[in-house]
Amino acid sequence: MGNALLIDFGSTNTKVTAVDLENAALLGTADSFTTVDTDINEGLAVALDRLFEQTGPLDFSLQLACSSAAGGLRMITSGLVPELTAEAARTASFGAGAKVIRVYAFKLTPADVAEIAGLRPDIFLLTGGIDGGDSACILHNAQAIAASPADFPVVIAGNRGAAQDCARILQGREVYLCENVMPRLGVLNIEPVQGLIRELFLSRIIQAKGLSKVERLVEGILMPTPSAALRALELLARGTARQGGLGELAAVDLGGATTDAYSIAAGLPKRDDTVLKGLPPPYVKRTVEGDIGMRYSAAGILEATGPARLAALSGLTEEQVEAMLRDIAANPGLLPESPAQQALDFALAAAAVDIAMTRHAGCLEQVYTPLGPAYCQNGKDLREVQTLVVTGGAIVHHQKAAEIAAFGLYHPGRPGSLKPCKAAVYIDRKYILAAMGLLGEAYPEVALTIMKKELE
């Protein structure tokens, strides 16, 4: 079977992982700065040199890669109603590994069109209306996009009766037709559009990001990095025909610019007096907190949680917290070296994990009906999930990683929260989730075995 080389071209770092396929063993991991602005092979070569310093020379029978380099897959979506088709489009995009930079509902205005042109997305996902329902909104939005001077691919995944008309309106642009993301009220159909987005990533986006330079070295860049991580978590939860998984789980990936949260769980209401608000959540779900990150989005953590909370978590004064965050904003590459910087990093990481899982899991609200009090569930109920996986450089390299991870669990001070209550925490110390998602495409048994060995 030989050895496998698994490469993750990240926005900041290129990570390489070597695996012994026959013995289902991790041989080593290494990383280097991603050199996407010059030649991406330069950063890869440095990472490989560092890997071979650990392992000695290796030959590889399989070489696969994923990527979020140069900002990853930037998407904009539009739909009819915020809680329905717009949310369905957002869910489909996140599940495909995209970074959704804007979500529009109802008819696009001239100001919206100008903003979209300025943002220059990699893909625009045009949705709206159930099959046989409203078509005026999606047709209006197709006309608005057609008039935009910006050039980007458009995926049409809305009302089936209007899809061909939208394609004709957008004639001359790069247009792709797909099944409706919400063919019937409250029914999600996101797998077809996720598959199409992945195909676009593999063809058009890899060329645009300059990643085609490395394709001669690997069998292929298979997917965006978040998709690889999601596939690894799904494999870890469900297992294979030959070995069981860990069951329903949740996960947090803490980055410098964004924080991703995942769940592989049904998350449906547990009580008869609870009704679900909005769309039913997908069993495999990913959300992205674009305002929450350890460096580029550290100010977002401050805004979301407040200086007093960060001061309490770090043991610093509010003035110290705000001054040090200004330093991070001026120099996002700043590493925590002093005790004060390390204390602030702990506070930022703990708050980010707390915010990301709270937003991902959803909440319960008590409502009053003629028959008495009842409950409304918004989002997923993850309270009975038994496993929480945490990853990301700020967590895995921190000496208080377990304490940071605990902020992803339920806290009695927030009785409406639906975060996991008593989950066992697993830490991805060697940062292998994305690599195992790649490996799982061809060797799921090997990938699952390695995750069970290596996740602490």
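None of these values were measured; they are calculated from a predicted model.
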**Message:** Does any part of the side chain of Ile301, heavy atoms only, come nearer than 4.5 Å to the side chain of Leu310, both counted from C-beta?
**Reply:** yes

**Prompt:** Within the side chain of Arg74, is there an N or O that forms a donor-acceptor pair under 3.5 Å with the backbone of Arg120?
**Reply:** yes

**Message:** Keeping Thr240 on the side-chain end and Glu445 on the backbone end, is there a donor-acceptor pair under 3.5 Å?
**Reply:** no

**Request:** Indicate yes or no for a side-chain donor-acceptor contact from Asn23 to the backbone of Ala25 under 3.5 Å, with no hydrogens or angles considered.
**Result:** no

**Asked** Regarding Lys15 and the six-membered ring of Tyr431, is the cationic atom NZ or CZ under 6.0 Å from the ring centre and inside 45° of its axis?
**Response** yes

**Complete:** Smallest heavy-atom separation, Asp131 atom then Arg160 atom, equals OD1-N, 2.9 Å

**Prompt:** Taking atom types as modelled, is there a side-chain donor on Glu454 or Tyr426 under 3.5 Å from an acceptor on the other?
**Reply:** no

**Request:** Keeping the roles fixed (side chain from Lys380, backbone from Ala265), state whether a donor-acceptor pair exists under 3.5 Å.
**Result:** yes

**Message:** Would you call the rings of Phe60 and Phe52 parallel, tilted or perpendicular, taking 30° and 60° as the class edges?
**Reply:** parallel

**Prompt:** Within a radius of less than 6.0 Å around CD of Glu384, do more than 12 heavy atoms belonging to other residues, nucleotides or ligands occur?
**Reply:** no

**Prompt:** Salt bridge between Arg295 and Asp345, side-chain N to carboxylate O under 4.0 Å?
**Reply:** yes

**Request:** Decide yes or no for Thr358 and Leu418: does some side-chain heavy atom of the first lie under 4.5 Å from some side-chain heavy atom of the second?
**Result:** no

**Message:** Looking at Lys422, I'd like to know if its NZ atom is crowded, meaning that more than 12 non-hydrogen atoms belonging to other residues, nucleotides or ligands lie closer than 6.0 Å.
**Reply:** no

**Message:** Is it true that Ser263 and His360 share a donor-acceptor pair across their side chains at a distance under 3.5 Å?
**Reply:** yes

**Item:** Thr387 and Glu248: side chain donor to acceptor below 3.5 Å
**Value:** no

**Request:** May I ask you to check whether Tyr443 and Glu441 show a side-chain donor-acceptor distance below 3.5 Å?
**Result:** no

**Prompt:** Would you say the side-chain atoms of Lys430 pair up with the backbone N or O of Thr17, donor to acceptor, closer than 3.5 Å?
**Reply:** no

**Message:** Does Glu303 have more than 12 heavy atoms from other residues, nucleotides or ligands lying within 6.0 Å of its CD?
**Reply:** no

**Complete:** Heavy-atom nearest pair, Val446 first then Leu21, reads CG2-O, 3.6 Å

**Prompt:** Given Asp253, which of Thr259, Thr225, Asp260 fulfils the side-chain contact (heavy atoms from CB on, under 4.5 Å) condition?
**Reply:** Asp260

**Item:** Heavy-atom closest contact (Met75 atom, Leu125 atom, distance)
**Value:** CE-CB, 3.8 Å

**Message:** If you count every heavy atom of other residues, nucleotides or ligands that lies below 6.0 Å from Asp59 atom CG, does the total exceed 12?
**Reply:** no

**Asked** What heavy-atom pair brings Glu403 and Phe346 nearest, and what distance separates the two atoms?
**Response** CB-CE1, 4.0 Å

**Request:** Keeping the roles fixed (side chain from Asn189, backbone from Asn180), state whether a donor-acceptor pair exists under 3.5 Å.
**Result:** yes

**Side-chain donor or acceptor of Arg50 paired with backbone N/O of Asp31 under 3.5 Å** = yes

**Asked** Does a side-chain heavy-atom distance below 4.5 Å link Leu51 with Thr29?
**Response** no

**Item:** Geometric cation-pi criterion Arg173 and Phe152, 6.0 Å radius, 45° cone
**Value:** yes

**Request:** Would you kindly check if the NZ (Lys) or CZ (Arg) of Lys419 is within the cone defined by 45 degrees around the ring axis of Tyr410 and under 6.0 Å from the six-membered ring centre?
**Result:** no

